[in-house]
Amino acid sequence: MITEVHASALVGLDATPVLVEVDLAPGLPGFHIVGLPDASVAESCDRVKCALRNSGFQAVNRRLVVNLAPGDLRKEGPRFDLAIALGVLTAGGQLDPEDTLGCMILGELALDGRLRPVRGVLSSAALARQLGLRALLVPQENAEEAALIEGVAVWPARDLNQALRLLRHAEEPAAVKPPARLTGQRDGPDLSGLVGQLVGRRAIEVAAAGGHHLLLAGPPGCGKTLLARCLSTILPPLLESEAVEVARVSSALGLPVGWSDLRPFQEPDCGVTAAGLLGSARPGEISRAHRGVLFLDEVGEFRRTCLEGMRTALETGRIEIVRANHRFCYPADFTLVAATNLCSCGVYGDDNQECLCTPLQRMRYLGKLSGPLRDRIDLQVVVRRMPASMMLEAKPQESSSSVRERVRRARELQRGRGLLNARLSGPRLRSVVKLDQESYRYLARALDALQLSGRAFEAILRVARTVADLRGCPMVEISDLCEAIAFRCLDRLPTAEGGSVTLLPIRRLKKP
Ligand SMILES: [Zn+2]
């Protein structure tokens with residue numbers, strides 16, 4: 001007799017239907033799983049046998065073949081344990097085939113029959129709804145996560161025996177509510193505690209308002225990390241649709257599915273591998289930072305494959321990983337904050353110490369960030385160390401909540417146009433950046449003088465648009481362009497001939 005039970009496999013972030021077929025035939029006792037199982041699925045045999053015995057069921061002394069269809073899709077993880085166990089019981093005549101009909105069943109079995117949570121239940125719930133299945137039977141720990149998808153009956157079970165009672169309608173499934181949405185601000189640094197750093201403060205405000213990527217360069221200890229952390233406190237709260245996207249990534253990684261309005265903040269170590277940062281069969285760090293901030297401290301120390309692999313994600317907000325048989329697509333719409341020293345000894349740019357690096361060494365150091373990557377970072381600022389005297393006589397600073405309000409208003413203007421400014425390019429960008437004759441002539445002169453690339457030119461227009469949005473002004477004026485040009489400090493890198501980074505103070509540029 002052949003029985004069928006519905007389950008689902010996880011391919012990247014998406015769930016795809018899998019049918020668990022069990023055949024019980026006369027012959028030498030054995031338990032075989034076919035259908036491209038990986039090692040963790042193949043080990044299901046032993047878990048299922050023990051769990052069945054320890055839950056009070058008779059040992060199966062016949063030849064069992066389990067097929068996970070479709071056969072050409074690689075199955076991984078112990079998520080099929082419960083479906084296999086129920087299929088075995090149905091094949092053995094201990095469960096009516098009608099009982100499992102139209103149910104999607106997921107869960108890992110412990111040896112004593114208890115159920116353990118599995119990854120990607122959120123996507124599986126969405127699939128169950130799409131397929132019109134009558135219920136989704138999941139381990140208790142996954143129930144709240146599954147309930148985030150409306151229109152699917154979620155049956156939570158603690159162990160194998162309770163799963164059977166639910167399927168036989170001998171027990172009413174417990175009502176499951178989706179987790180309450182947590183609101184409020186992250187514990188962490190507040191802009192009110194950041195003394196001075198006018199350029200840095202302004203840069204993170206512009207980055208937050210337009211979603212622009214940001215490069216902070218400066219000597220160690222000048223406050224780059226603090227600025228990056230403050231950026232996440234001035235971003236507006238997640239919209240509900242965005243929170244679902246963030247929850248899907250956590251679910252696929254098997255992390256607790258947070259259901260809050262806080263934007264993610266990820267700070268991977270510079271030793272991270274390309275697969276860890278960009279993703280492989282599972283989402284990487286850049287997808288964990290989706291809709292939030294990815295902070296790469298000492299960005300030059302990261303592997304080149306990591307940095308270059310990020311280029312498409314920086315532009316499109318998505319990443320595609322191609323493996324032997326599969327193409328994994330992950331969301332990766334984050335704001336990058338990269339921090340770097342200006343030279344290998346770290347002292348260059350510090351007014352109190354003398355850097356001993358040669359211009360060539362400095363050029364090589366900053367050259368670790370390739371031109372194409374730098375071009376994709378709209379805001380590039382040099383952060384200076386604060387003199388001790390300024391720290392002592394510091395006045396109270398503007399708080400994160402008041403900056404966040406300005407950012408919210410600027411983002412609202414952009415929502416009216418359909419895209420965040422950081423995503424604008426080509427004709428779409430030209431259509432929203434309206435320049436008068438005078439501004440146009442000024443920009444043309446600046447481009448000639450600075451010899452900027454086409455991408456840098458577009459970055460200036462995007463940033464100028466955001467600066468004008470922060471003022472609430474539909475026209476982009478010369479002062480907006482000046483500020484945007486000042487935010488391209490690293491376009492002119494130190495050269496081997498002894499040139500240097502141009503440090504343009506914003507205030508001096510207000511009037512051309
Ligand atoms: Zn140096």
Side-chain angles (χ1 to χ4, degrees), residues 2-12 15-25 27-92 94-95 100 103-121 123-124 137-142 157-164 251-255 275 280-282 323-326 328:
I2 298 175
T3 60
E4 294 177 347
V5 180
H6 289 283
S8 70
L10 200 60
V11 182
T16 176
V18 167
L19 203 56
V20 179
E21 299 172 331
V22 181
D23 180 44
L24 196 57
L28 283 174
F31 199 141
H32 307 283
I33 298 183
V34 295
L36 230 54
D38 78 346
S40 56
V41 180
E43 287 165 356
S44 278
C45 303
D46 296 324
R47 281 194 301 271
V48 168
K49 273 194 279 191
C50 289
L52 284 172
R53 197 181 61 238
N54 292 328
S55 303
F57 297 98
Q58 284 170 357
V60 183
N61 280 327
R62 281 192 285 170
R63 187 170 175 274
L64 267 171
V65 177
V66 176
N67 179 33
L68 306 175
D72 60 349
L73 175 73
R74 186 144 195 91
K75 323 291 187 311
E76 65 162 30
R79 55 195 293 114
F80 304 104
D81 286 4
L82 182 59
I84 293 174
L86 293 171
V88 170
L89 289 176
T90 312
Q94 300 183 69
L95 181 67
T100 52
C103 277
M104 183 181 282
I105 293 165
L106 295 172
E108 174 183 346
L109 279 170
L111 296 188
D112 58 1
R114 272 179 303 129
L115 283 175
R116 293 198 170 120
V118 294
R119 297 190 293 123
V121 167
S123 302
S124 299
L137 178 62
V138 289
Q140 186 116 43
E141 286 91 334
N142 288 129
R158 280 185 311 278
D159 53 33
L160 180 57
N161 279 314
Q162 192 186 15
L164 275 169
S251 168
L253 284 163
L255 298 170
S280 59
R282 296 188 189 193
R323 288 282 173 275
N325 295 328
H326 282 297
F328 300 104

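Heavy atoms only: backbone and side chains are in, while hydrogens, waters and symmetry mates are out. We number each residue from 1, following the sequence as shown. It should be emphasised that the depicted structure is a prediction, and the values quoted were computed from it without experimental measurement.
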Problem set entry | Straight-line distance of Cys103 SG to Leu137 CG, nearest 0.5 Å | 6.5 Å

Exercise. Does the side chain of Phe57 reach to within under 4.5 Å of the side chain of Leu164, using non-hydrogen atoms?
Worked result: yes

For this session: Please step through side-chain contact (heavy atoms from CB on, under 4.5 Å) for the pair Leu19 and His6, ending with a clear verdict.
Result: CA-CA 5 Å; Leu19 203 56; His6 289 283; 3.7 Å; yes

For this session: Any salt bridge (Lys or Arg N to Asp or Glu O under 4.0 Å) involving residues 49-64? Give me the pairs, sequence neighbours left out, ordered by first then second residue.
Result: none

Problem set entry | Contact summary for Ala110 and Ala51, nearest pair of heavy atoms | O-CB, 3.5 Å

Exercise. Could you state the interatomic distance from CD (Glu141) to CZ (Arg158), rounded to the nearest 0.5 Å?
Worked result: 10.5 Å

Exercise. For Ala9, does its backbone N or O pair with a side-chain atom of Thr16 as donor and acceptor, under 3.5 Å?
Worked result: no

Exercise. Minimum heavy-atom separation for Ser55 to Gly113, with atom names?
Worked result: OG-CA, 3.7 Å

Seminar exercise, completed: When rounded to the nearest 0.5 Å, the distance separating CZ of Phe31 from CD1 of Ile84 is 6.0 Å

For this session: Taking the side chain as every heavy atom from C-beta outward, state whether Leu160 and Leu86 have any atom pair closer than 4.5 Å.
Result: yes

For this session: To the nearest 0.5 Å, tell me how far Leu106 CG sits from Leu10 CG.
Result: 10.0 Å

Problem set entry | Pairwise distance CD(Gln58) to CG(Leu89) - rounded to 0.5 angstrom | 10.5 Å

Seminar exercise, completed: Residue set satisfying ring pair (Phe, Tyr, Trp, His ring centres under 6.0 Å) with Phe328, at least two apart, ordered chain then number -> His326

For this session: Please report the closest heavy-atom contact between Val41 and Ile33, naming both atoms and the distance.
Result: O-CD1, 3.5 Å

Exercise. Between Ala157 and Leu115, which heavy-atom pair has the shortest distance, and what is it?
Worked result: O-CD1, 3.6 Å

For residues 73-82, which side-chain N or O atoms pair as donor and acceptor with protein atoms under 3.5 Å away, sequence neighbours left out?
unit_1, atom_1, unit_2, atom_2, d
Lys75, NZ, Gly35, O, 2.8
Lys75, NZ, Leu68, O, 3.1
Lys75, NZ, Pro70, O, 2.7
Lys75, NZ, Leu73, O, 2.6
Glu76, OE2, Arg119, NH2, 2.8
Arg79, NE, Ser8, O, 2.7
Arg79, NH1, Arg119, O, 2.7
Arg79, NH2, Ser8, O, 3.3
Arg79, NH2, Ser8, OG, 3.3
Arg79, NH2, Ser124, OG, 3.2
Asp81, OD1, Ser44, OG, 2.5
Asp81, OD1, Arg47, NH2, 3.2
Asp81, OD2, Arg47, NE, 2.6
Asp81, OD2, Arg47, NH2, 3.4
Asp81, OD2, Leu109, N, 3.1

Exercise. Could you state the interatomic distance from CD (Glu4) to OG1 (Thr100), rounded to the nearest 0.5 Å?
Worked result: 9.5 Å

Problem set entry | Asn67 (side chain) donor-acceptor with Glu21 (main chain) under 3.5 angstrom | no

Exercise. Of the non-hydrogen atoms in Val22 and Ala91, which two are nearest, and what is the gap between them?
Worked result: CG1-CB, 4.2 Å

For this session: Identify the two heavy atoms, one from Ile105 and one from Ala7, that lie closest to each other, and give their separation to 0.1 Å.
Result: O-CB, 3.6 Å

